[in-house]
Each structure stands twice: as structure tokens, then as C-alpha cells.
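These numbers come from a predicted model, not from an experiment.
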Amino acid sequence: MGNKKTVIVTGGSQGIGAGVVTGFLEKGYNVVATSRNMTGSGEFKPNERLALVDGDIGDIATANAVVQAGVTKFGSIDALVNNAGIFFAKAFTDYTSEDFRKLVSTNLDGFIYLSQLVIKQMLKQKSGGSIVTITASLADHPIAGLTASVPMITKGGLESISKSLALEYAKDGIRVNTVAPGIVDTPLTKAAPKDFLKTLSPMGTISDVQDIVDAVLYLTEAKSVTGESLRVDGGAHVGKW
């Protein structure tokens, strides 16, 4: 129990999160997976190496339950993947105050509550650790016609705080990085026409979940990489095409 590394994955019941859970299990990690409907989704069954926790990540009680599950069942927390996030595109003037609150609750509150508790646990363990957060290539490279200004406040904020935390905890061996996907083939994008989605990167491709999982696994284990944003977006961040 104590010799394996343990990772927490948020938003683990579908899409990128489910892929990340599977990727870490295949690499021999213990995993604590959480989402609003983690146990009911039927995607995973708990076992000796996998704990499932239901809850809204924007609620501090969920963060407490998730960390408690990791420490109690597996004895340590060595990595965190902040994947849970919501996104919807509208004209800027159409976003409501309720939209904004929802975005902040899931994308920012969830990050802060869980990352604080995980860092406290890592400092107690004195063996370093890794935090990888899923952001968005759009945060600092917008695309004309894809209007997502308000969600990008939250994603851009995650990029900024990750760089700050990378420096703040560098001496403690806690590395903090982000993965910035472009368009990924997940339940989030299934309603959009594929031909349109392919125009959103110069390579004319849509990433699959495994592309993002590979980036997350790399950063989790890349012992000299911190404060980095790994863009998996078919080159969309490079410029006009």
C-alpha cells in the first residue's frame, strides 16, 4: 500500500478525466477519482487500487472527502490532476451572473480547495509531488468566431496560479504544471460539427483523449519540469493560419 504512488483525479467519470484515471491505473498508481456522479456513472468500479468519491468539486467538503479517502485508503497523496471543469461558448454580453458563478465554482474554487489540501499533505510527507491542471489553449490564444471570453477568465487564472505555485513550492519538490488542450473529441464537443472543429487548428485535426492523457502522465513524472504549460492543440497557439 505505502510503496505505490497515489494520484487524485477530478472530473474522473467521463472524457479526459476517465482517460486519465485509466492511464494512471495502467501505470500502477493508486487512484482516487471524483466527480458529481463518480459511483453512478458505471465507468469504474472501486477496488483495492481505486477509490471513488462523489461530490461537487466547488464544495470544500468534497475536497476534504477526496483527500481523506487518499490518505486513509492508500497512505499518501503524491499527485493531483485538476481536470474537472465546465465550458460553454456565448457572446460576451450573453453571459449571466449565474453563468459566471458556475464557472468560478467548478473551475477556480475546486482548484483552490483541493490543491491547498493536497499541498498541505505533500508538505507533511516531505517527498515532493506533482499537480497538473487542465486549462485551455484558448486562454491566451483566442480564435475568432469561438467566443469563450468568460470561461477563459477562469482558465487563464489557472495558468497564472500554476506558475506562481511552481515557484512557491519548488524548494519543497512540488511541481505544478498545466496541460492546455485545443479541441478534443469528448462528450463536451460531440454536438459540434466535426468539419468546423477541424478548422480550429492549423493541423486540421481533433485531439483524442489519449493525446491529453499522455501529456498529463508525462508532466506528472517529469521530475525537472515545473511552471510549464504543455499545449496539445495542433499548433493553434503558434499564430494565424
Is there a donor-acceptor contact under 3.5 Å from the side chain of [X] to the main chain of [Y]?
{"X": "K155", "Y": "D140", "result": "no"}
{"X": "N177", "Y": "V225", "result": "yes"}
{"X": "S162", "Y": "V176", "result": "no"}
{"X": "S130", "Y": "A79", "result": "no"}
{"X": "W241", "Y": "T199", "result": "yes"}
{"X": "Q125", "Y": "I77", "result": "yes"}
{"X": "N83", "Y": "T10", "result": "yes"}

Quick one: pull up [atom1] in [X] and [atom2] in [Y] and give me the separation to the nearest 0.5 Å.
{"X": "L117", "Y": "I8", "atom1": "CG", "atom2": "CD1", "result": "8.5 Å"}
{"X": "I60", "Y": "L114", "atom1": "CD1", "atom2": "CG", "result": "10.0 Å"}
{"X": "Q210", "Y": "D185", "atom1": "CD", "atom2": "CG", "result": "13.0 Å"}
{"X": "K124", "Y": "M122", "atom1": "NZ", "atom2": "CE", "result": "13.0 Å"}
{"X": "I16", "Y": "D208", "atom1": "CD1", "atom2": "CG", "result": "10.0 Å"}
{"X": "T133", "Y": "L158", "atom1": "OG1", "atom2": "CG", "result": "6.0 Å"}

Is it the case that one hydrophobic cluster holds both [X] and [Y], taking links as side-chain heavy atoms less than 4.5 Å apart, direct or via other members?
{"X": "L108", "Y": "I57", "result": "yes"}
{"X": "L219", "Y": "V20", "result": "yes"}
{"X": "L165", "Y": "V132", "result": "no"}
{"X": "I183", "Y": "V209", "result": "no"}
{"X": "V66", "Y": "F24", "result": "no"}

Under a 4.5 Å cut-off applied to non-hydrogen side-chain atoms, are [X] and [Y] in contact?
{"X": "P181", "Y": "I134", "value": "yes"}
{"X": "V150", "Y": "F88", "value": "no"}
{"X": "I119", "Y": "D172", "value": "no"}
{"X": "T189", "Y": "V184", "value": "no"}
{"X": "F111", "Y": "T154", "value": "no"}
{"X": "K163", "Y": "L167", "value": "no"}
{"X": "T106", "Y": "R36", "value": "yes"}
{"X": "Y169", "Y": "I131", "value": "no"}

Please find the pair of heavy atoms, one from [X] and one from [Y], that lie closest to each other, and give the distance.
{"X": "A236", "Y": "S137", "value": "CB-OG, 4.4 Å"}
{"X": "L197", "Y": "I206", "value": "CB-CD1, 3.8 Å"}
{"X": "S115", "Y": "L80", "value": "OG-CD2, 3.7 Å"}
{"X": "M152", "Y": "F87", "value": "CE-CE1, 3.5 Å"}
{"X": "V213", "Y": "G19", "value": "CG2-C, 3.4 Å"}
{"X": "T226", "Y": "R175", "value": "OG1-CA, 3.3 Å"}

Go through it in stages, so that I can follow the logic: the residues are D54 and T39, the test is side-chain hydrogen bond (donor to acceptor under 3.5 Å, both in side chains), and I'd like the CA-CA distance, side-chain angles, deciding distance and then a yes or no. CA-CA 7 Å; D54 291 331; T39 54; 2.5 Å; yes
Check the pair K90, D99 against side chain to side chain contact (heavy atoms under 4.5 Å, CB included), reporting the backbone distance first and the verdict last. CA-CA 10 Å; K90 294 183 179 184; D99 288 339; 2.6 Å; yes
Counting only heavy atoms not in D94, do more than 12 fall under 6.0 Å of its CG? yes
For Y218, look at atom OH and say whether over 12 heavy atoms of other residues, nucleotides or ligands are found less than 6.0 Å away. no
Just do the side chain to side chain contact (heavy atoms under 4.5 Å, CB included) check on V7 and D78 with the steps written out, would you? CA-CA 6 Å; V7 61; D78 307 286; over 6 Å; no
Test side-chain hydrogen bond (donor to acceptor under 3.5 Å, both in side chains) on S41 and S13 and set out the steps. CA-CA 6 Å; S41 71; S13 59; 4.9 Å; no
Would you say the side chains of T135 and E159 form a donor-acceptor pair under 3.5 Å? yes
Test log, rule side chain to side chain contact (heavy atoms under 4.5 Å, CB included), inputs T220 and Y29: CA-CA 12 Å; T220 299; Y29 281 70; 3.9 Å; yes
Let me see the working for L123 and I174 under side chain to side chain contact (heavy atoms under 4.5 Å, CB included), right down to the final yes or no. CA-CA 8 Å; L123 291 171; I174 299 171; 4.0 Å; yes
